[in-house]
2 protein chains.
Amino acid sequence: MVTLHDVAKFSGTSVGTVSRVLNGSPHVSEVARLRVLRAIDELNFTPNRAAQSLRTSRTTLAGLIVPDITNSFFGALARALARELWAHDYGLILADTAESLEKQTEALDALGKRGVDGLFLVPTTSTRDIANPLNIPLVTLDRTLADLPGVTSDNRQGTSLAVSYLHGWGHRRIATIVGPTTCSTAAERLEGYATTTRALGIYSRSLIREGPFSYAFGKQAMEELLDEPTRPTAVIASNDSQAIGALHACAGRGLRVPQDISICGFDGSELASHLSPSLTSVKQPISTMATHGARLMLELIETGTAGSGAVLLTDLTIGESCSVPPSH
Amino acid sequence: MVTLHDVAKFSGTSVGTVSRVLNGSPHVSEVARLRVLRAIDELNFTPNRAAQSLRTSRTTLAGLIVPDITNSFFGALARALARELWAHDYGLILADTAESLEKQTEALDALGKRGVDGLFLVPTTSTRDIANPLNIPLVTLDRTLADLPGVTSDNRQGTSLAVSYLHGWGHRRIATIVGPTTCSTAAERLEGYATTTRALGIYSRSLIREGPFSYAFGKQAMEELLDEPTRPTAVIASNDSQAIGALHACAGRGLRVPQDISICGFDGSELASHLSPSLTSVKQPISTMATHGARLMLELIETGTAGSGAVLLTDLTIGESCSVPPSH
DNA sequence: TTGAAAGCGCTAACAA
DNA sequence: TTGTTAGCGCTTTCAA
């Protein structure tokens, strides 16, 4: 292993100087800097992270806790975040909670003990607040929590967009299948839906179904909606899994989408765009979310405070794929 | 911050003893152990990872490099692996290459420099061999590479299973859409298909299409197959994305699945099982893969050599969802 | 602008 | 079985 000492010797300087060069200190003469750089290159030197951490008590490591990495939305988020942090020389440690609050607590604790510099959290739907207010920066992603700093999409705008879109196609009985409203995103999506349908005069409580962000619930809720005396001509789901469940419930009843009924998902995962030409979905700006999240985190780590405690992303779009007016 | 020293003082022992307790050394009296344990608990002490790393030159950190974390198969693999390593007190750093060989090389390099103890790699389809034979343990997952230690499913068996299954339902014109055969899994899946169809006397070159593991290619290939003079009555894809592409190509031609044509995927992602009752898929034993991978890695890290250089998982199953005999 | 040196918290070798 | 001590490789203060 090549150490700072070796570089110093090779370049005819001292460890202090080498360290200064490494850390971009301005108090190094140009000659020294060049000689050191040359030596580093020549010896193929890489600073020892453990030693740096021990001295500076910073690990250049962040943790990411997601409820379901299997969900392509969170997969895409993890990818974008990893890439972003990467660019700042930070590694990202992954933890998946499978929507279990207990596992989330464990993960929070273990990552804290590991000594990560910061923690990104997409809280479980059943999270009320974080049990152990760790002393390291915590940034929520997608789903917000109390007054923790975080980045989230303008979910109200998202469903509002969807309602307007469907209304524009002539739909009047627009239902919604919403996630657990203990979760900020679900609550906000419901709010956007309610506000907009009310404004259009087409709101009805009987068109709302609340439950887990799952395929199974999407299917079940859709079946209930189809059993209503006058069934909806369009449905807005809170995520793509629910939307696909709804899709299959319709298929099971011999209804064609979108000819007989329109379905709109949320997240805009590739899944949705591929699933069928007929599943429209509200797209979240995933990489923007990652960029802002990383910025927020680095700010928090560097300065201890975040300029903007929370970031709201407003560039949601609706992935129009194939739509038709209601058939009745 | 509480240090070893504090614990020693509090428990009336010395740092040596505390360290021994921490590392499970047998040379500690029961009294001393108890007093130390009590102090650790009392002071809420957590050993400093950086200091440990510096001394032992081990980070208890592993890297995972996947081509596409957005794909739920790799998502599930990452989750299982993280959980498994976790149980052994190892953290998992995630890197996604988006099937880019260049990004893979970068990731390999960067993670190596970070000082992870081992690297899990699902090589890009275009990987021929690893450019920089790092001096840290490398274990391939799913896709194998040269003679690197790794864990893979018995892919031949998988497609063989699928062919037999479809043949059992009466299918005779069984096509396949296969991934890039530079990739071990694709090559093996093709091999299993070819061997089995030959044995049954139903092999035909014109029923084979090779290309990327993507939705787009699956769709394109299916369209080509449907243009054949006598079209296949069943198709086996190399992964679920391709299968879904194929599904949509059929839908686009007004063909119903499985009534008019049967489609079988590979990976058994939730996606497939949810996608529609009509997409059958060969399920890989993902968590077994993770368990074996972790075992292999820990062995490699601990002893420097792996008992079994490569592990072949044979418990693939076919997720029968809804099948019918060919309509012609 | 530089070099020398202290020490971050831990493990392991040595002595007792 | 135990305590003492020498570093692991680095950053950073202090003098020069």
In whole angstroms, how far is the C1' atom of D/dT1 from the CD atom of B/E30?
13 Å
Considering only heavy atoms and no angle criterion, is a donor-acceptor pair shorter than 3.5 Å present between the side chain of B/R55 and the base of C/dG9?
no
Of the listed D/dT1, C/dT11, D/dT11, the closest approach to the B/H27 side chain comes from D/dT1
Can you check the B/R33 CZ to D/dT1 P distance for me, whole Å?
10 Å
Using whole Å, report how far CZ of A/R58 lies from P of C/dG9.
17 Å
Please report the distance, rounded to the nearest Å, between CG in B/L43 and C1' in C/dG9.
15 Å
Atom CG of A/L4 and atom P of C/dG7 are separated, to the nearest Å, by 19 Å
Whole-Å distance separating the CG atom of A/L54 from the C1' atom of C/dC10
8 Å
Touch check for B/T13, heavy atoms < 4.0 angstrom, all strands: base, sugar-phosphate only, or nothing?
sugar-phosphate
Classify the nucleic acid contact of A/A50 as base, sugar-phosphate or nothing, counting any heavy atom under 4.0 Å across all strands shown.
nothing
Take atom CG of A/N23 and atom P of C/dT1, then tell me their distance rounded to the nearest Å.
16 Å
Answer with base, sugar-phosphate or nothing: what part of the nucleic acid does A/V28 contact at a heavy-atom distance below 4.0 Å?
sugar-phosphate
A/L22 CG to D/dG9 P, in whole Å, measures 15 Å
Side chain of A/Q52 - closest among D/dC10, C/dT2, C/dG3:
D/dC10
Taking A/E302 first and then A/R58, would you say they form a salt bridge - that is, a charged N and a carboxylate O separated by under 4.0 Å?
yes
Among C/dG3, D/dG9, D/dG3, the one nearest any side-chain atom of A/T17 is C/dG3
Can you identify which nucleotide, out of D/dC10, C/dA5, C/dT11, has its nearest atom closest to the A/T3 side chain?
D/dC10
Looking only at heavy atoms, what is the nearest atom pair of A/L81 and A/L64, with distance?
CD2-CD1, 4.0 Å
Short N-O contact, B/R79 and A/D68, less than 4.0 angstrom:
yes
Base, sugar-phosphate, or nothing for A/S29, non-hydrogen atoms under 4.0 angstrom?
sugar-phosphate
Looking only at heavy atoms, the pair that brings A/P47 and A/Q52 closest together is CB-NE2, 3.6 Å
With a 3.5 Å cut-off and just heavy-atom distances, do the side chain of B/R20 and the base of D/dG3 make a donor-acceptor pair?
yes
Taking atom types as modelled, is there a side-chain donor on A/S53 or B/R49 under 3.5 Å from an acceptor on the other?
no
Can you tell me which nucleotide in C/dC10, D/dT5, D/dT2 comes closest to the side chain of B/N48?
C/dC10
